[in-house]
Number of protein chains: 2
Amino acid sequence: MGAKIGIKEVAAAAGVSITTVSHALNDKGRLPDGTRDRVREVAERLGYRPNVNARNLAGGRSGLLALAVSQVEDLAFQLGDFDYFASLIRYATTAALDRGYALAIAPAAEAEGTLHKISPDGAIVVDPVPGDSSLAYLRQRGIPIVTTGRVLDGSDEDYWVDNDHVAGVRGVLDHLAAVGAKRIALVAPRSFASYVVDVRAGYSGWCAEHGIEERVATAPTVTEDGGFEAAISLLDGPDPPDAIYAALDRLAIGVLLAANARNVDVPGRLRVAACTDSVAAQAARPPLTTLGLNPERIGREAIGMLIDIVEGVEVEPRHRIVPTRVIERESTLGGAAQERARLDSNR
Amino acid sequence: MGAKIGIKEVAAAAGVSITTVSHALNDKGRLPDGTRDRVREVAERLGYRPNVNARNLAGGRSGLLALAVSQVEDLAFQLGDFDYFASLIRYATTAALDRGYALAIAPAAEAEGTLHKISPDGAIVVDPVPGDSSLAYLRQRGIPIVTTGRVLDGSDEDYWVDNDHVAGVRGVLDHLAAVGAKRIALVAPRSFASYVVDVRAGYSGWCAEHGIEERVATAPTVTEDGGFEAAISLLDGPDPPDAIYAALDRLAIGVLLAANARNVDVPGRLRVAACTDSVAAQAARPPLTTLGLNPERIGREAIGMLIDIVEGVEVEPRHRIVPTRVIERESTLGGAAQERARLDSNR
DNA sequence: TTGACATGCAAAAGCGTTTCTGCATAAGCT
DNA sequence: AGCTTATGCAGAAACGCTTTTGCATGTCAA
């Protein structure tokens, strides 16, 4: 009973040839539905799992997918620095493995080299920036691409999945307005990743609609210090804001530090919200209200699409938008809630 | 020039058979060093990369390695919750890929199921606990195992790599003593993972040597709330400590919150240090002094050993200990350093 | 009836490695 | 000199699957 069961065993059990089994399982060849179903049932019953290596070898694929993060010169950061990416990677890895592919993470610094070395069957590019070199490389080699976040100068032919940042910003701004904020500022990095553009555009649109003056501070980096600097410039300026929305969780933590440095009470005198939930955002003092993204689903969908493309399956639609949700915490909520309460509810 | 070059091409270029190429490249068979070197050189020149799938297929392996985190019933947590694990996973993945293996992360909740499903060639078990079920499963199936952290009831035959916690605790305690702490407490989780045992033992030993009374608080969970509770019990007790060493970064953040809740100045009245450096520890207020581990090296070494075992290479020694280092930050250092200074040096 | 064509399936040829077996030739012994 | 053993290498099978090709049938129109 413990014997390895391969396609041969399934064929024998179903009383057909291995060709037929392969065809039945992969929706190829000419087979009546009866045979197809019967074979599938037998395979299922026997717990047949195709050998991934044999499959890839015969199929002429490498069985490798790559994940690269798009990079602008000076905005360098480590992939794992952000919970969002860590999560995305984790789920993408699992999703790929489930379908018999391995996911290789291309270190940002040497993305192209890695891509060349492993020659993947397909690639995910995270937060692509127009003119990104890995993107160019992949296109030139004809390697299928799915991006998470759109390529701004891309075409309708592109495959991508994206967070619904447009709706997300509005959700956060509405929340801030609802808790009484009147002078809401935005802290965002430079960069032409689509999410930054979306956030900036969403903010501008919302301000225009609500007749609120725009206050935008550009963060010089994407980590805490960048948020700190941007926030200081806002707080020290004339007519400082009573709320700040930071486009990244770590920027928001920097904002919190800046508020502390200037003795500005949060949320009393300044409300702070961030895009992307994370452990750090939850653990911050006070805990940060965030726009919760869904890296798990982004990762899964991107991998799903990519593998379909690699295997020649029709992919429709080519674009997927994943909803977000506002997670309200103390940094924007009225009274200074009790630390204990938060901790208790955390159990 | 662009043609795919396989073992056949190398054989042709070197004027030998493919058998010889395979033998030369894998240190098998009977070949004079001359031939071996010549073949290798040709392979190198041609940029030959063996096809991973063909290799695994022929070798009868799956090409998959699994990574599971050992788990005690109630100490459940998400893998990615800790920077240490995230880092470990990242580097392990890369190291595996470099040698033609894919690393599957087994979700803690369903580790056994995953292991069964993918039937890996070998497995890494992180922080094994005596009696862990994945461990039992792997042993019973005869799947090679390398653990990061030792199995307490294990044997000398076990393969493991571990952080040098014994030296690490001493380093931190020495540091705390050096900055003036007299009543140093330990906050550690329950659990029989070797690092917890090491930390507790190291602490006891150090206290005995220095004639300091032991103050140990056991954290009910491994996250912030656990640290909070443990710290509160210490701070509210008779003769509260003037320094706390927390065995995990997130526990330490809980300790910080507790100090804040009790209006105890850090580092003025209480010095706080943690094991494991992380982004959260750096971003904490005040930034935490930590014992920096080396997940990158742990991951690499573990994978290296594991693949050697899988491929039948002699592995010596079976145990590897990776050094740690104390990273001094404000939470234990004298004057309240300037936030600005920290941020500036962060650039 | 008889060819033309569709249908249902099997045989067999790969895919790129590893490894077992075997055959020369060279070297060492009596 | 003749026999055994060691050495250097090549041929070919095997790994488990996909896919191309081809062979029987059965169906339909002429």
Side-chain angles (χ1 to χ4, degrees), chain A residues 3-40 42-43 46-64 99-101 118-119 121 307 310-313, chain B residues 3-40 42-43 46-64 99-101 118-119 121 307 310-313:
Chain A
K4 262 263 134 6
I5 60 138
I7 199 173
K8 221 180 307 181
E9 283 69 28
V10 176
V16 295
S17 72
I18 62 170
T19 308
T20 302
V21 175
S22 175
H23 282 165
L25 264 31
N26 298 311
D27 264 323
K28 307 232 165 129
R30 299 175 307 217
L31 290 183
D33 288 351
T35 310
R36 225 177 268 281
D37 292 347
R38 194 159 44 82
V39 170
R40 280 185 176 157
V42 171
L46 265 48
Y48 168 67
R49 302 250 154 224
N51 178 306
V52 170
N53 292 295
R55 177 199 269 269
N56 286 332
L57 180 57
R61 329 177 189 104
S62 71
L64 270 183
R99 293 190 56 182
Y101 288 77
I118 67 179
S119 59
D121 296 328
I307 295 180
V310 166
E311 297 188 344
V313 176
Chain B
K4 262 262 136 1
I5 61 136
I7 199 173
K8 221 180 306 181
E9 283 68 29
V10 175
V16 296
S17 72
I18 62 170
T19 308
T20 301
V21 175
S22 176
H23 282 165
L25 263 31
N26 298 310
D27 264 325
K28 306 231 164 129
R30 300 174 308 216
L31 291 183
D33 288 350
T35 311
R36 224 176 268 280
D37 292 346
R38 194 160 42 82
V39 171
R40 282 187 174 155
V42 172
L46 265 48
Y48 167 67
R49 301 252 154 221
N51 178 306
V52 170
N53 292 295
R55 178 198 268 269
N56 286 333
L57 180 58
R61 333 179 185 101
S62 70
L64 269 182
R99 294 192 54 182
Y101 288 77
I118 67 179
S119 59
D121 296 328
I307 294 179
V310 167
E311 297 188 344
V313 175

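All of these numbers come straight from a predicted model, not from anything done at the bench. Residue numbers start from 1 in every chain, and the chains themselves are labelled A, B, ... in the order their sequence lines are given, proteins ahead of strands.
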Next item on the list: Round to the nearest Å and state the distance from Arg30(B) atom CZ to dT19(C) atom P.
Entry: 15 Å
Note to self: Check the phosphate of dC9(C) against Thr20(A), side-chain N and O only, distance under 4.0 Å to OP1 or OP2. Yes or no?
What the structure shows: no
Next item on the list: Indicate whether any N or O donor in one side chain lies under 3.5 Å from an N or O acceptor in the other, for Ser22(B) and Thr19(B).
Entry: no
Next item on the list: Would you classify Asn56(B) as touching base, sugar-phosphate or nothing, given that sugar-phosphate means primed atoms plus P, OP1 and OP2, and contacts are heavy atoms under 4.0 Å?
Entry: nothing
Margin query: Taking the minimum atom-to-atom distance to the side chain of Thr35(A), which one of dT17(C), dC20(C), dC9(C) wins?
Written below: dC9(C)
Next item on the list: Please report, rounded to the nearest Å, how far the C1' atom of dT19(D) is from the CG atom of Asp27(A).
Entry: 15 Å
Checklist line | Side chain of Pro32(B) - closest among dG8(D), dC17(D), dT18(C) | finding: dG8(D)
Item checked: Shortest side-chain distance from Ser22(A), nucleotide among dG8(C), dT18(D), dC15(D) -> dT18(D)
Note to self: Between Val16(B) and Leu57(A), which residue's closest nucleotide on DNA chain D lies nearer the 5′ terminus?
What the structure shows: Val16(B)
Check: Contact class for Asn53(B) (heavy atom, under 4.0 Å): base, sugar-phosphate, or nothing?
Finding: nothing
Next item on the list: Measure from the side-chain N and O atoms of Asn56(A) to the backbone N and O of Arg61(A), and report whether any donor-acceptor pair falls under 3.5 Å.
Entry: no
Checklist line | Check: His23(B) main-chain N/O paired with Arg36(B) side-chain donor or acceptor under 3.5 Å | finding: yes
Checklist line | Any Tyr48(A) side-chain nitrogen or oxygen under 4.0 Å from OP1 or OP2 of dG16(D) | finding: no
Item checked: Short side-chain N/O contact from Thr19(B) to OP1 or OP2 of dA10(D), under 4.0 Å -> no
Check: So, is Asn51(B) near the phosphate of dC15(C), with a side-chain N or O under 4.0 Å from OP1 or OP2?
Finding: no
Margin query: For dT18(D) and Lys28(A) - does any side-chain N or O of the residue sit under 4.0 Å from the phosphate oxygens OP1/OP2?
Written below: no
Next item on the list: Measure from the side chain of Leu31(A), starting at C-beta and using heavy atoms only, and say which of dT17(C), dC17(D), dC9(C) lies closest.
Entry: dC9(C)
Notebook entry, point to check: When the distance from CZ of Arg55(B) to C1' of dC15(C) is rounded to whole Å, what number comes out?
Noted result: 16 Å
Notebook entry, point to check: Can you tell me how far C1' of dT17(C) sits from CG of Leu25(B), to the nearest Å?
Noted result: 12 Å
Notebook entry, point to check: dA10(C) C1' sits how many Å from Ile7(A) CD1, rounded?
Noted result: 13 Å
Next item on the list: Write down the distance between NE2 (His23(B)) and P (dG11(D)), rounded to a whole number of angstrom.
Entry: 14 Å
Next item on the list: Could you check Ala54(B) against Ser17(B) and say which one's nearest nucleotide on DNA chain D is further toward the 5' end?
Entry: Ser17(B)
Margin query: Salt bridge check, Asp33(B) against Arg40(B): does any charged N sit closer than 4.0 Å to a carboxylate O?
Written below: no
Next item on the list: Select base, sugar-phosphate, or nothing to describe what Gly6(B) touches, counting heavy atoms under 4.0 Å on all strands.
Entry: sugar-phosphate
Next item on the list: Check every atom of dG8(C), dT18(D), dC23(C) against the side chain of Asn26(A) and return the nucleotide holding the closest atom.
Entry: dT18(D)
Margin query: Contact between Lys4(A) and Asn51(A) at the side-chain level, heavy atoms closer than 4.5 Å - yes or no?
Written below: no
